[in-house]
Amino acid sequence: MQPQESCILIKKKIELIIFYQIFYMSELLTNKKTQAVQAPEENLINWNEILKEFEATFGKDIYESWIKNINLEKEFNNYVILSAPTRFVRDWIVSRYADKLLDIIKVFKKSIQRIEFSIEQEQISDKNNKREFQRKNSQISLIENSLLNYNRFNLSYNFGNFVVGESNELAYTAAKKICSQNSHYNPLFIYSSVGMGKTHLLNAIGIEMSKTKKVMFISAERFMYHFIRSIKNNDMVKFKDFFRTSNVFIIDDIQFIRNKEAMQEEFFHTFNALIDKNSQIVISSDRAPSSLDRIQDRIKSRLSGGLVIDIQPPDLNLRLKILKCKFEEIKKIFNESYNVSDEIIQFLATEITSSVREMIGALNRVLAFSKVNAKSPSIYECKKILKDLINYNSKLITVEFIQNTVATHFNLNINEMLSARRSRILARPRQIAMYLAKHHTTNSLPDIGRKFSNRDHTTVIHAVKKIDELIKKEPEIKEGIIEIRKKLL
Ligand code: ADP
Ligand code: MG
């Protein structure tokens, strides 16, 4: 090599190092994950002290039932990771006590800004699953203790428990198709808003294809993380080789690479190398390729070069099916029965429409309630448990409001309905109103009786029993009550 050439080469190398350093620094500043700085040893929180404070604040009952079971798993400068024994406990604590917990932790360490939870049971089953999975699938190269520990399949997201309906049928069919044969859908690009099942489907593809092929499954965020670490550790060659040896490359949440030029470049090269060797690529995103702003046009056009499919929000029927499927799954996993009425399942499916993830979160809360109270929540209680998820105009339903709504529904004068007359035309609506008052308000039975022209609480009990029976026997009554409920809620 001429001295001049080697000079140019060295200069280029220095430029490249400077570029990567600048890039790395800027990512450190913008990327939350890489920002996580572990707390220095001497500043560590004394968890036992905090537990004592929790007990003093929440009282013995709540502390013993819930709080005692959480542990400090890891501490960073500005957040802590706590572990809860089960998903139930986590959801219960998050929905009721999280703000207070954070306040107390802050008293001990001011810099803590947020709490994150991990679930012990899942960690154990993840480990077991992983071991089992490794044993069965030597095709998947899990590199333990390495930065490139990428294949994080969640074995509970498979094709078997993906419920199919009109809104996700195309995505499901395409996903199955690329597993069963060498399809021409390359890349397969699936997009939807959050919580619609993209990661679930991608996992299912990964699990299925890893039976015969070498699969890489990674979120764009982790890809980026490994990319930066490889630059830092001078391991770029290994990084490149590593991702290019797969026959199937699955990348979740590609929207993450928006605005990250260096990463886009790397992704583009990986993408091209894989397509050249006929590897299958599967991508998910929160929006269509054409709507991915701040991504180079040539990448967008490559992304849409195969099959692009969206998952639409599920309709009521599909939401109901998914809920029932999840409910059965949870019962099996925990080997327990839960007292949750069909009416409540229907209520969740009707009310929580924003995402399947939220709907499942709501189901978990309802199950936690039913476990603690050994009964199914009423609609009223359900609304209270889920008040942050359901967008009601937060008007609490009163007995008077129920009486008015029922009277209007049956075209009656309210005074007539509340009168002592016993004709069925008046008595049935009166009983329905009592029934609804019991289910949708917190008023005691004697109190409800008083509001129905000073009747005794036994009359209310009788009315509730009667309507319960009629709902089972007479579809007209059931329909009527559903109609009135819609007006109430
Ligand atoms: P996304 O990646 O689109 O944000 P996820 O795949 O994480 O959504 O799904 C959120 C939750 O909803 C997961 O628990 C997933 O199992 C569940 N889910 C979504 N769609 C379905 C479906 N069609 N059948 C069963 N579970 C589903
Ligand atoms: Mg996802």
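Computed from a predicted model, the values in this text were never measured in an experiment. One-based numbering, in listed order, for ligands and for the atoms of each. Side chains are part of it too, since the values below use all heavy atoms of this structure and drop only hydrogens, waters and symmetry mates. We're numbering straight along the sequence, starting at 1.
- Contacts of Asn168 with ligand 1, taken as heavy-atom pairs under 4.0 Å, involve the side chain alone.
- Atom 23 (N) of ligand 1 has as its closest protein heavy atom Val163 O, 2.8 Å.
- Between Phe239 and Phe227, the angle of the ring planes lies from 30° to 60°, which puts this pair in the tilted group.
- Using cut-offs of 30° and 60° for the angle between ring planes, the Phe327 and Tyr338 rings count as tilted.
- Using a cutoff of 4.0 Å between basic side-chain nitrogens and carboxylate oxygens, Arg258 and Asp293 are scored as salt-bridged.
- One finds a salt bridge joining Glu116 and Arg114 here, because a Lys/Arg side-chain nitrogen approaches an Asp/Glu carboxylate oxygen to under 4.0 Å.
- Every atom of ligand 1 is numbered from 1 in the order shown, and the set under 4.0 Å from a heavy atom of Lys198 is 1 (P), 2 (O), 3 (O), 4 (O), 6 (O), 8 (O).
- Residues Tyr380 and His440 keep their aromatic ring centres 6.0 Å or farther apart.
- Ion pairing of Lys68 with Glu55 is absent here, as no side-chain N (NZ or NE/NH1/NH2) approaches a carboxylate O to less than 4.0 Å.
- Annotation: side chain to side chain donor-acceptor pair (under 3.5 Å) contacts involving residues 309-319, sequence neighbours excluded, comprise Asp310-Gln312.
- Between Ile360 and ligand 1, no N or O atom pair is found at a separation short of 3.5 Å.
- Using a 4.0 Å cut-off between a side-chain N of Lys or Arg and a carboxylate O of Asp or Glu, Arg244 and Glu266 qualify as a salt bridge.
- You'll find the ring centres of Phe268 and Phe271 outside the 6.0 Å limit.
- At a cut-off of 3.5 Å, with distance as the only test, a side-chain donor of Asp252 or Thr199 sits close to an acceptor on the other residue.
- Here the heavy atom of the protein found nearest to atom 13 (C) of ligand 1 is Tyr157 OH, 3.4 Å.
- Of all protein heavy atoms, the one closest to atom 12 (O) of ligand 1 is Val356 CG1, 3.3 Å.
- If you look at the Mg ion (ligand 2), the protein N, O or S atoms less than 2.8 Å from it are Thr199 OG1.
- When only non-hydrogen protein atoms are considered, atom 25 (C) of ligand 1 lies nearest to Asn161 O, 3.3 Å.
- For atom 8 (O) of ligand 1, the nearest protein heavy atom (residue, atom name, distance) is Gly197 N, 3.0 Å.
- At under 3.5 Å, a nitrogen or oxygen of Gly195, whether backbone or side chain, sits near a nitrogen or oxygen of ligand 1.
- Side-chain atoms of Ser246 and Lys214 include no donor-acceptor pair closer than 3.5 Å.
- Not one N or O of Val194 is nearer than 3.5 Å to an N or O of ligand 1, by distance alone.
- Checked for salt-bridge contact, Glu329 and Lys332 miss the test: no charged N lies under 4.0 Å from a carboxylate O.
- The proximity of Ile322 to ligand 1, defined as any non-hydrogen pair under 4.0 Å, is limited to the side chain.
- In terms of protein heavy-atom proximity, atom 16 (O) of ligand 1 is closest to His200 ND1, 2.7 Å.
- Salt-bridge formation is detected for the pair Glu483/Lys486: a Lys NZ or Arg NE/NH1/NH2 atom is positioned less than 4.0 Å from an Asp or Glu carboxylate oxygen.
- Proximity of Lys326 to ligand 1 is established by a heavy-atom distance of less than 4.0 Å.
- The protein non-hydrogen atom at the shortest distance from atom 7 (O) of ligand 1 is Arg357 NH2, 2.8 Å.
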